[in-house]
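Every chain is numbered from 1, with letters handed out A, B, ... down the list of sequences. Computed from a predicted structure; not experimentally measured.
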4 protein chains.
Amino acid sequence: MAVSTEQRVRRAAVRLFATRGFHGTGIRDLASAAGISSATLYHYMGTKEDLLVAIMRECLDRLLRAARQALDSFHDPDDPNDPVAALSALVTLHVMAHAALPEETRVVDNEVGALSRGARRHVVRLRDEYEAIWADTLDQGVATGVFDVPDPAVTRLALLEMCTGVARWYSPRGPLSLRDLGDRYAQLALRMAGAASPAGATAAERAAEVAAQVWRIRP
Amino acid sequence: MAVSTEQRVRRAAVRLFATRGFHGTGIRDLASAAGISSATLYHYMGTKEDLLVAIMRECLDRLLRAARQALDSFHDPDDPNDPVAALSALVTLHVMAHAALPEETRVVDNEVGALSRGARRHVVRLRDEYEAIWADTLDQGVATGVFDVPDPAVTRLALLEMCTGVARWYSPRGPLSLRDLGDRYAQLALRMAGAASPAGATAAERAAEVAAQVWRIRP
Amino acid sequence: MAVSTEQRVRRAAVRLFATRGFHGTGIRDLASAAGISSATLYHYMGTKEDLLVAIMRECLDRLLRAARQALDSFHDPDDPNDPVAALSALVTLHVMAHAALPEETRVVDNEVGALSRGARRHVVRLRDEYEAIWADTLDQGVATGVFDVPDPAVTRLALLEMCTGVARWYSPRGPLSLRDLGDRYAQLALRMAGAASPAGATAAERAAEVAAQVWRIRP
Amino acid sequence: MAVSTEQRVRRAAVRLFATRGFHGTGIRDLASAAGISSATLYHYMGTKEDLLVAIMRECLDRLLRAARQALDSFHDPDDPNDPVAALSALVTLHVMAHAALPEETRVVDNEVGALSRGARRHVVRLRDEYEAIWADTLDQGVATGVFDVPDPAVTRLALLEMCTGVARWYSPRGPLSLRDLGDRYAQLALRMAGAASPAGATAAERAAEVAAQVWRIRP
DNA sequence: CATGAATGAGTATTCATTCAT
DNA sequence: GATGAATGAATACTCATTCAT
């Protein structure tokens with residue numbers, strides 16, 4: 001199956017931005033990694049920053065879409081255990097995405113500071129939207145009493161950083177599959193939230209399905 | 001109390017490397033932030049990379065020293081609860097350091113990839129030494145049965161990423177003091193470790209004392 | 001009435017070369033101003049310089065042709081007042097052309113330096129031929145005593161620069177018609193030449209007719 | 001007498017901008033013409049445009065200063081012949097400056113279009129101030145009846161273009177000295193203005209003195 | 001007839017670093 | 001100590017031009 005030049009550029013950019021950083025990656029590095037000349041590069045992108053923005057937006061868009069899609073599938077107002085399942089799903093999704101696409105997600109996490117003001121605003125807004133979903137889920141669990149969390153804000157940030165960190169160390173060559181990893185992290189997250197009952201397997205399964213669909217991850 | 005030019009250079013470097021990244025910071029940016037000319041800068045440092053290495057080494061040295069010092073003070077082979085106290089101390093120390101010196105620690109976390117091979121080896125070795133302390137502590141707790149951890153490696157990494165992440169969001173202008181933050185995180189960590197009994201206040205207090213001594217943090 | 005692509009290219013080039021200069025105009029600017037792609041552009045021209053040369057040659061050719069045609073119509077060896085009519089016609093023609101086609105003429109005046117040696121020689125020869133007509137006219141007037149000119153060379157250059165300058169400021173939206181402008185300048189020129197008798201209206205009228213024919217100017 | 005590097009840069013820029021145009025002059029051309037590397041160039045200037053602006057401003061500032069200084073010296077409200085002397089002085093000054101510094105003045109005349117909007121506004125304002133002096137002088141002559149000018153605006157523009165054009169052809173190696181040239185042009189200008197009486201030698205002499213002072217022209 | 005894709009050479013500007021003073 | 005001057009190599013990006021389709 002042939003890979004278009006545009007895709008090769010995108011992939012080279014993701015890899016290099018993730019490993020060397022945006023400012024550490026030269027236009028020539030990008031071009032030679034994509035197998036074209038640096039002049040040709042400009043047929044497939046605007047500026048170097050445009051390329052960065054496109055990578056970030058797609059990554060965040062997918063994360064948002066996945067989170068919304070996953071939570072939609074749990075919507076059952078009569079079930080007070082909902083937040084447990086929702087948190088499990090969010091964690092599973094986030095962790096699987098960060099383990100399966102560590103380069104994209106590291107770019108999003110590390111290079112926001114390299115953006116110009118306008119682009120930064122846009123990216124930060126997307127990120128805030130995403131984090132609001134986590135905050136809502138935590139708040140709902142606290143409100144219904146299924147979570148025991150003294151400081152929801154701190155817990156939310158701790159959870160997010162913990163899960164995001166996966167992109168910094170997970171290796172598909174290690175002993176853990178993406179599903180294993182998701183399960184481990186879901187358990188850790190529920191402990192942090194002080195949830196008495198562990199989530200059923202359903203939540204994680206559905207989350208994995210969403211992940212498979214959004215990122216084409218093989219489960 | 002006057003600040004030496006060398007200190008001004010160091011501080012400027014920490015600030016700029018943390019906010020713009022190593023590759024995003026020019027030698028002239030450093031010089032003007034330190035209030036000197038770019039030529040004068042070279043009286044106070046070797047290369048730009050030497051400056052980065054020095055910042056990273058000092059930061060990691062301090063973290064190591066603090067961790068060892070804190071654990072030494074708990075050494076009581078007859079007390080099987082030791083690991084609870086030890087983990088509390090490690091988390092408290094790590095979190096306080098990352099909250100109090102977010103720029104230094106972010107440089108250590110984000111700019112390892114900017115180092116040349118030789119320097120990277122050295123820095124990574126220091127980091128591994130430090131993480132080994134966490135691993136030992138977790139293993140000991142599992143061995144003595146005070147921790148309930150299905151996968152110590154994953155838990156260690158989750159813990160470290162969670163605590164390190166503090167440097168990315170904590171603000172001293174927020175509602176939480178360093179001690180508050182340390183306590184919140186120690187509690188989260190013990191939950192993650194499945195520790196039945198919470199740590200006594202003693203561990204955190206001693207950790208805070210060590211932190212105050214090593215980083216001159218006002219508690 | 002449809003405009004051919006070739007004409008659109010030519011007009012875009014004239015406009016852009018006049019406003020941004022030859023070196024300030026990119027091939028892509030030309031293409032997009034002509035509504036085609038930069039590759040298609042090369043179906044309608046040789047190199048960028050060829051385009052410039054063609055513009056200049058046509059402009060100078062027309063000017064030469066107009067001047068000769070106008071002077072031919074006055075040829076009356078018995079009339080010592082001829083030079084007055086001839087100068088009036090030359091000035092009228094030159095001024096009308098530069099006012100009606102300021103972009104073409106500005107390109108000719110400003111971009112000679114952008115030509116390569118071979119092309120420059122050709123263009124300069126045309127220009128010299130044209131200026132020789134003015135020189136001859138002045139000399140004849142001096143010889144026959146109808147002009148009072150202490151330094152014919154200086155006067156010729158002053159006249160030419162004065163008339164050429166029209167292309168830098170005349171606007172068809174202003175109060176002056178092309179004929180008005182020609183009359184004003186013819187009068188100034190005769191004053192400069194120290195001509196006692198003003199030219200009759202005939203000279204200007206015939207010049208305007210030639211202009212109308214050569215450049216399709218509406219009088 | 002040594003020439004500073006800054007002066008060498010300025011002179012190289014004037015020469016190259018005048019002969020090849022702003023867009024036709026590369027930074028490397030400038031550097032090698034100044035005898036330094038292209039990186040060193042940036043010790044002595046901001047951007048390439050800054051250099052252009054500086055050249056234009058100085059040239060226009062000098063022209064304005066000279067014109068004001070020259071007119072001040074004639075101020076005699078009882079003498080209705082004033083405008084004749086004033087116009088003679090303006091023309092002499094303008095012509096001498098354009099003949100003695102043809103490169104500077106051609107840059108001013110030809111490269112306004114290469115300026116960015118902000119800089120252009122500034123330069124155009126200076127030029128307008130200067131031209132207003134000519135307009136005032138003409139108007140005054142018309143009002144007092146010493147000039148016979150049917151259309152002062154056209155005459156002003158014709159005069160200015162005629163005098164400015166000197167920079168396009170005058171050569172110091174030719175037969176005319178700067179003073180000769182000024183005299184010829186002053187006479188042409190007075191004819192164009194329909195002034196009955198020629199200016200006394202005083203006006204030109206004073207103008208030449210001002211020119212000598214402002215531009216260090218040897219008379 | 002038209003163009004997307006391609007590129008080597010070039011653009012202006014900045015880089016980290018050195019060194020004479 | 002401190003710095004202005006200097007630079008080769010790099011930066012991101014554009015150039016005019018070609019050619020297969």
State, with a plain yes or no, whether a side-chain heavy atom of C:H98 is found less than 4.5 Å away from one of C:L63.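 The answer is yes; the side chains approach within 4.5 Å.
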
Are D:R62 and D:E58 within salt-bridge range, i.e. N to O under 4.0 Å?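 Between D:E58 and D:R62 there is a salt bridge, with a charged N closer than 4.0 Å to a carboxylate O.
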
Could you measure the distance from the CZ atom of C:F22 to the NE2 atom of D:H23? Nearest 0.5 Å is fine.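 C:F22 atom CZ to D:H23 atom NE2 measures 13.0 Å (nearest 0.5 Å).
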
Which nucleotide, in any strand shown, forms a Watson-Crick or G-U wobble pair with F:dT14, with both distances under 3.5 Å?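 Check on F:dT14: paired to E:dA9, both distances under 3.5 Å.
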
If we call it a pair only when both distances are under 3.5 Å in a Watson-Crick or G-U wobble match, what pairs with F:dA5?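 Result: E:dT18.
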
Presence of A:Y44 side-chain N/O under 4.0 Å of E:dG4 phosphate oxygens OP1/OP2: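 No, outside the criterion.
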
What heavy-atom pair brings B:M45 and B:L51 nearest, and what distance separates the two atoms?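 Reported closest heavy-atom pair: SD-CD2, 3.6 Å.
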
Restricting to non-hydrogen atoms, name the atom on D:A31 and the atom on D:L41 that form the minimum distance, rounded to 0.1 Å.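 That would be N-CD2, 4.1 Å.
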
For A:R20 and A:T25, indicate whether the former's side chain and the latter's backbone hold a donor-acceptor pair under 3.5 Å.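 It does not hold such a pair.
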
To the nearest angstrom, how far is [X] atom [atom1] from [N] atom [atom2]?
| X | N | atom1 | atom2 | answer |
| --- | --- | --- | --- | --- |
| B:L41 | F:dG4 | CG | C1' | 15 Å |
| C:L16 | F:dA16 | CG | P | 12 Å |
| D:R8 | F:dA5 | CZ | P | 13 Å |
| A:D50 | F:dA12 | CG | C1' | 12 Å |

Base contacts versus sugar-phosphate-only contacts with protein, heavy atoms under 4.0 Å: please encode nucleotides 11-21 of chain E as B, S and - from 5' to 3'. BBBB-BBBB--

